[in-house]
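One structure below.
If you're wondering where the values come from, they're calculated on a predicted model, not measured in any experiment.
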Amino acid sequence: MAKFNEKNFGNPSGKAYTIEELLSEGEQLLWRGKPNRKAYILSQVFRMLPFALLWLLVDGFMIGMMIRTEAFSQMGVFVVVIIVFFAFHLIPVWIWLSNVITAGARHKNIEYAFTNTRIIIRSGLIGIDIVNLYYADVSNVNLKVGLTDRIMHVGDVYISGIGKAQVLWDIDNPYEVVAKLQKIVNDIKTDTFYPNNLRPGTNDGYQTKYTGRP
């Protein structure tokens, strides 16, 4: 039985939908953006870099030591086995290298949007994945600004939700974006869960000011 992946239910046709094509009738676009290109590509280079270099150094040392031995030239068919073994053993390095090489293509397909009903995350390399996170399911919105992020004036927005968590990578003006998202989440969740008998006389949606009344 294949592993369950909820993203497969979001875009079964594989069509490269734009944000505008994903909007429902009457759905309002409140913010849209994508990772800062330079910061995103640099983050892909630095992510896993120390681990990949250490792994490559250890394997390179072992390969070098084996080649220097006289017995290596007499191993015959076992040389092929050793080559295959190290090709698989270097998988962490290949993964890091693949992430670096494909960073530009993946950045092209990434886009984020906040609407008056949900958060839309568009991403992918060969196919396009669409993730929808509804505000009622959001529990926390946090910001992480690392050293590289600070230099590039970007930040990563971490969104925790019921059963899922998502990250908006390398966002420009991250403090303003987090403040905006926190306000949208708070307003819409309050609009959804506020007791009916305490609602204001009028309710204009996510910008409503809740004063309450007996």
Side-chain angles (χ1 to χ4, degrees), residues 5-8 10-11 13-23 27 29-57 90-115 117-135 137-161 163-185:
N5 187 341
E6 65 180 9
K7 292 190 294 185
N8 294 338
N11 184 18
S13 66
K15 179 181 176 181
Y17 288 104
T18 64
I19 292 296
E20 288 79 10
E21 291 174 321
L22 293 169
L23 299 180
E27 189 172 8
L29 188 62
L30 307 179
W31 176 87
R32 71 188 300 175
K34 60 189 295 128
N36 178 293
R37 179 179 174 82
K38 186 181 294 185
Y40 180 79
I41 293 176
L42 279 176
S43 70
Q44 299 304 304
V45 173
F46 291 124
R47 189 174 296 137
M48 284 183 62
L49 178 60
F51 178 75
L53 288 179
L54 180 61
W55 198 281
L56 183 61
L57 183 64
L90 285 167
I91 283 178
V93 178
W94 308 142
I95 292 174
W96 170 78
L97 192 59
S98 174
N99 287 338
V100 172
I101 292 173
T102 61
R106 284 185 286 118
H107 175 271
K108 183 179 179 181
N109 292 329
I110 296 177
E111 191 167 12
Y112 310 125
F114 306 155
T115 76
T117 62
R118 56 183 167 150
I119 300 166
I120 303 173
I121 299 175
R122 180 183 186 273
S123 63
L125 179 58
I126 298 174
I128 300 299
D129 295 331
I130 305 296
V131 174
N132 297 300
L133 186 57
Y134 291 88
Y135 297 116
D137 295 331
V138 174
S139 56
N140 289 292
V141 177
N142 297 306
L143 176 64
K144 180 179 179 181
V145 179
L147 178 60
T148 305
D149 295 330
R150 190 165 186 169
I151 295 172
M152 302 297 296
H153 305 290
V154 299
D156 301 326
V157 181
Y158 286 75
I159 306 170
S160 302
K164 65 177 70 175
Q166 299 293 330
V167 182
L168 312 185
W169 299 106
D170 302 306
I171 299 297
D172 289 312
N173 304 313
Y175 296 99
E176 290 84 350
V177 172
V178 165
K180 183 178 185 67
L181 180 56
Q182 287 174 331
K183 183 179 187 304
I184 294 171
V185 171

So [Y] and [X], do their side chains get closer than 4.5 Å, heavy atoms only?
{"X": "Ile119", "Y": "Val138", "result": "yes"}
{"X": "Lys34", "Y": "Tyr40", "result": "no"}
{"X": "Phe114", "Y": "Val177", "result": "yes"}
{"X": "Leu29", "Y": "Glu27", "result": "no"}
{"X": "Met152", "Y": "Leu42", "result": "yes"}
{"X": "Ile121", "Y": "Leu133", "result": "no"}

(request) Give the intermediate values and the outcome of side-chain contact (heavy atoms from CB on, under 4.5 Å) for residues Ile159 and Val167. (result) CA-CA 6 Å; Ile159 306 170; Val167 182; over 6 Å; no
Between [X] (side chain only) and [Y] (backbone N and O only), is there a donor and an acceptor less than 3.5 Å apart?
{"X": "Asn109", "Y": "Ser123", "answer": "no"}
{"X": "Tyr112", "Y": "Trp169", "answer": "yes"}
{"X": "Ser98", "Y": "Ile95", "answer": "no"}
{"X": "His107", "Y": "Pro35", "answer": "yes"}
{"X": "Asn173", "Y": "Glu176", "answer": "no"}
{"X": "Tyr135", "Y": "Arg118", "answer": "yes"}

(request) Test side chain to side chain donor-acceptor pair (under 3.5 Å) on Asn36 and Asp170 and set out the steps. (result) CA-CA 6 Å; Asn36 178 293; Asp170 302 306; over 6 Å; no
Pairwise distance [atom1]([X]) to [atom2]([Y]) - rounded to 0.5 angstrom:
{"X": "Leu168", "Y": "Tyr158", "atom1": "CG", "atom2": "OH", "result": "10.5 Å"}
{"X": "Asn132", "Y": "Gln166", "atom1": "CG", "atom2": "CD", "result": "10.0 Å"}
{"X": "Ile184", "Y": "Leu30", "atom1": "CD1", "atom2": "CG", "result": "4.5 Å"}
{"X": "Leu125", "Y": "Lys108", "atom1": "CG", "atom2": "NZ", "result": "11.5 Å"}
{"X": "Glu111", "Y": "Thr18", "atom1": "CD", "atom2": "OG1", "result": "8.0 Å"}

(request) Identify the heavy atoms of His153 and Pro174 that sit nearest to each other, and give their distance. (result)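 That would be O-CD, 4.1 Å.
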Validation: residues 139-151 side-chain donor-acceptor distances under 3.5 Å, sequence neighbours left out:
| residue | atom | partner | partner atom | Å |
| --- | --- | --- | --- | --- |
| Ser139 | OG | Ser160 | O | 3.2 |
| Asp149 | OD2 | Gly146 | N | 3.1 |

(message) Between Glu21 and Arg122 (salt bridge meaning N to carboxylate O under 4.0 Å), is one present in this structure?
(response)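 A salt bridge is absent here (no side-chain N lies under 4.0 Å from a carboxylate O).
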